[in-house]
> 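Sharing a structure here in structure tokens format.
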Amino acid sequence: MKTEPVEADLLTQIDLDRLPQHIAVIMDGNGRWAKRRRLPRIAGHRAGISAVRQAVEACARLGVPYLTLYAFSVENWKRPHTEVKLLMNLLREYLKKEIGELNRQNIRLGVIGRIQELPKPVLQDLQNALDQTRQNAGLRLTLALNYGARAELVDAVRELLANSSRNGAVTVDEATLSAHLYTHDLPDPDLLIRTSGELRLSNFLLWQVAYAELWVTETLWPDFTQKDLFQAIIDYQKRERRYGGLGLG
Ligand code: FPP
């Protein structure tokens, strides 16, 4: 990826020793991007994949260890069947095409969500991409697929109760609940980015973003470039994170 002068200037403003360890993104606005161009919605999703590539590559190059992208929610099944089908096809295309590039950049793919409910062919391509990138030790790229934060909490509690009926005891505290979430092996996000200007969490990582810094841009997801990502990180680094305490004064 080429770094243009504006991006290079932004890059110099980033303190590489204080990068957010985990960036989570609600990629919104694909439909509006397409509508503005009088294109079918799926053209927006296709353009969204180019933005995914840029964000992934920028995080990998900077050295951000974790990036999680909200690609398909449990609510997205309510969309017209044709859009859901095309989105699934796009996802399969991405998973098949991208393995070589992910390996080249040392990126390990992960997934969160009720993936067993995804169509079989999608699940197979997903499993294949997970297997083929498992050995990579660089950026951990997690796709949220058929993901909903409330469903995740319900699944975690069900798992806790199932374990307790086997061994007769149940511990309920923050650490135990966290350990049963899909994200049990990821740190909580430090920075949550949402595109297209909506001020909502949309059932994304509700537990995990408790102390995340939020960054919302009017930019529609297909127009999101590494410049926007750098800007988000610069703004994040200017904030004082207090975690409910009084901070450094
Ligand atoms: C929200 O835009 C976006 C989605 C529901 C899907 C996101 C999918 C992609 C970016 C492409 C596939 C991703 C991967 C990782 C291969 P919207 O359709 O809700 O936009 P709107 O609010 O403007 O209608």
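Quick caveat: nothing in here was measured; it's all calculated off a predicted structure. Ligands are counted one by one from 1 in listed order, and the atoms in each one are counted from 1 as well.
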> I need the contact residues for ligand 1: any residue with a non-hydrogen atom closer than 4.0 Å to the ligand, ordered by chain then number.
Met27, Asp28, Gly29, Asn30, Gly31, Arg32, Arg41, His45, Ile49, Ala71, Asn76, Arg79, Leu91, Tyr94, Leu143, Trp221
> Answer yes or no: are there more than 12 heavy-atom neighbours, outside Lys85 itself, under 6.0 Å from its atom NZ?
no
> Would you mind reporting whether Ile23 and Cys59 have side-chain heavy atoms less than 4.5 Å apart?
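Side-chain contact under 4.5 Å: yes.
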> Do Leu199 and Val216 come close enough that some side-chain heavy atom pair is under 4.5 Å?
yes
> If you define the side chain from C-beta out and look only at heavy atoms, does anything of Leu220 sit under 4.5 Å from Asn30?
no
> Can you sort out the partners of Lys78 under side chain to side chain contact (heavy atoms under 4.5 Å, CB included), two or more places apart, ordered by chain and number?
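Here the qualifying residues are Glu75.
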> Does a sphere of radius 6.0 Å around CZ in Arg150 hold more than 12 heavy atoms from other residues, nucleotides or ligands, not counting ones at 6.0 Å or beyond?
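No - once you tally the heavy atoms of other residues, nucleotides and ligands closer than 6.0 Å, there are 12 at most.
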